[in-house]
Protein chains: 2
Amino acid sequence: MNDKSLTDYPRPSVAVDVAVLTVDDRGLLVVVVDGPRGLALPGTFLHPGERLSDAADRALSTKAGLTGTDFHQLAMFDAPDRDDRGWVLSMAHGAALPAGRLPHDVRLVRIDDRSPGELLAFDHAEMVSHAVDDLRARYARHVDPSELLPEEFTVLELRRLYEAVYGRPLPKDTFRRLVVEALETTGRSSSGGAGRPAEIFRRTGTELPAGATALLAG
Amino acid sequence: MNDKSLTDYPRPSVAVDVAVLTVDDRGLLVVVVDGPRGLALPGTFLHPGERLSDAADRALSTKAGLTGTDFHQLAMFDAPDRDDRGWVLSMAHGAALPAGRLPHDVRLVRIDDRSPGELLAFDHAEMVSHAVDDLRARYARHVDPSELLPEEFTVLELRRLYEAVYGRPLPKDTFRRLVVEALETTGRSSSGGAGRPAEIFRRTGTELPAGATALLAG
DNA sequence: CTAATAGTGTCTCTGAGACACTATTTG
DNA sequence: CAAATAGTGTCTCAGAGACACTATTAG
């Protein structure tokens, strides 16, 4: 890593782009912003000495008024001609936030697996695809690791969330049996709805059993 | 992504480092080079307009005489002070090559899961750990995707390879039943060894069944 | 023949998936 | 009471894992 001095070569610009995913009753959504090249993911250039995750944070607060998310590196997009402004590498990040914590004026685009999603500028559609894969992989191993649900929730709410994340219905009884052992009861029950009240649970950090991972991966 | 012009900020140096993994009778090994800061992964700085994978290729041919590998992005290491020469981001890559294709003078270090592996410079030990995770994940889904074995092989050779990759013994009969359906027979058998000759197989691109993935992930 | 290795028949046990039943609420 | 939703008992079926048996070579 010392073939030449650090200063001998021109350096690329380094950017970050963030696919912020969320879920509401329509399903899986991604936050987009309206830029000069059409719809795009929020992003920014890396400032001197800054860490990528800090730049991602800055991009979100600047462009979408979002804060305090945790980011996952997805992939570095490095095609030399991917940005007509010059040589720009971009580190794609994934993040997930509950819909309720988004500003009301944010633009959301539905993610559906069948549409190639050519509606995003640059290579951002591919980034979204990476973000969804990453989200699904993480949700298959832990219970709602990105805390899209509040601290306490019922199994029904959890199942609806997972159905949105994976884009398909999940069997009620099997789902319950697979996830409860990675949950902790609050002892309380939901009230108000029709029907028998549902037990209210909390996340524990526990790994989901292998069977749950298999159900969700399949 | 256009808060300022491209030229307004100082830019980081971007490097690539490659963890080349291989397997021999000692188990899983990684290629290292002896640099000014001690043992390190082969790496280089990104040249203007170059793709990361091309830089990785160049690093390997320059530093270790290796060529024609396929790389997998692992993670971008971006701690501002990770390199005392200045602000250097490094994209860690993983690759895997059969031991027979390595030059004879290459330095190999054994990877064993219990040693924290503080023997590598920079943050390279962590990169190796990422590379192993990535290799295991890929090998759990496909049969020897990095072609560490030659085109034709027996189930025994394949099992020995997987035992090295996962660092634990695998049950002979279950392993066979899980992998054969993702293999294609050549019709021929191995000769020479003691005992009944083993059928010789070829890879197909087929995905391994879910059971195999579970066995290996567990 | 024996030794050695390859490959399979088969049993058991776990657990996913389906279905239907019970449990507990509202109105 | 009926309707609605939560949660469970239970059956079946598939498949992993273990074990031992058969198959095919060398010597």
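Below, read A as the first sequence line, B as the second, and so on, with proteins coming before strands; counting in each chain starts at 1. The analysis underlying the following values was restricted to heavy atoms, covering all of them including side chains, and did not include hydrogens, waters or symmetry mates.
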Nearest 0.5 Å, what's the OH-CG distance between B:Tyr162 and B:Leu215?
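Answer rounded to 0.5 Å: 10.5 Å.
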Nearest 0.5 angstrom please: A:His124 NE2 to A:Leu41 CG, how far?
5.0 Å
Can you tell me which residue among B:Arg159, B:Arg138, B:Arg203 is in a salt bridge (charged side-chain N to carboxylate O under 4.0 Å, His left out) with B:Asp144?
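Testing each of B:Arg159, B:Arg138, B:Arg203 against B:Asp144, the sole residue satisfying salt bridge (charged side-chain N to carboxylate O under 4.0 Å, His left out) is B:Arg203.
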Going by the rule side-chain hydrogen bond (donor to acceptor under 3.5 Å, both in side chains), which residues pair with A:Asp24 if we only count those two or more places apart in sequence or in a different chain?
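Only A:Arg26 meet the side-chain hydrogen bond (donor to acceptor under 3.5 Å, both in side chains) criterion with A:Asp24.
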Atom CZ of A:Phe153 and atom P of D:dA6 are separated, to the nearest Å, by 15 Å
The single option from B:Leu28, B:Val106, B:Leu102 passing side chain to side chain contact (heavy atoms under 4.5 Å, CB included) against B:Thr22
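Going through the options one by one, the only one that passes is B:Leu102.
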Using heavy atoms and a sub-4.0 Å distance, could you list which residues of residues 199-211 of chain A are near DNA chain C? By number, please.
A:Gly211
Quick check: do [X] and [Y] have side-chain heavy atoms less than 4.5 Å from each other?
| X | Y | value |
| --- | --- | --- |
| B:Asp78 | A:Val14 | no |
| A:Pro98 | A:Leu149 | no |
| A:Arg168 | A:Glu163 | no |
| B:Phe71 | B:Leu60 | yes |
| B:Leu158 | B:Val179 | yes |

Consider only side-chain N and O atoms of B:Thr204 and B:Glu184, and report whether a donor and an acceptor are under 3.5 Å apart.
no
DNA chain D-proximal residues of residues 156-167 of chain A, any heavy atom under 4.0 Å
A:Leu156
Within residues 171-190 of chain B, find the residues that approach DNA chain D with a heavy atom at under 4.0 Å, and present them sorted by residue number.
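Output list: B:Asp173, B:Thr174, B:Arg177, B:Leu178.
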Indicate yes or no: does B:Arg58 engage B:Asp54 in a salt bridge with an N to O separation below 4.0 Å.
no
Between B:Arg160 and B:Glu157, is there a side-chain N and carboxylate O pair less than 4.0 Å apart?
no
Donor-acceptor under 3.5 Å (B:Arg136 side chain, B:Ala217 main chain):
no
Tabulated below should be each protein N or O lying under 3.5 Å from an N or O of nucleotides 24-27 of chain C; please produce it.
from	atom 1	to	atom 2	distance (Å)
C:dT24	O2	A:Arg196	N	3.2

CZ/A:Arg202: more than 12 non-hydrogen atoms of other groups inside 6.0 Å
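Yes.
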In dot-bracket, 5' to 3', how would DNA chain C read with Watson-Crick or G-U wobble pairs under 3.5 Å, [ ] for crossing ones and | for pairs to another strand?
|||||||||||||||||||||||||||
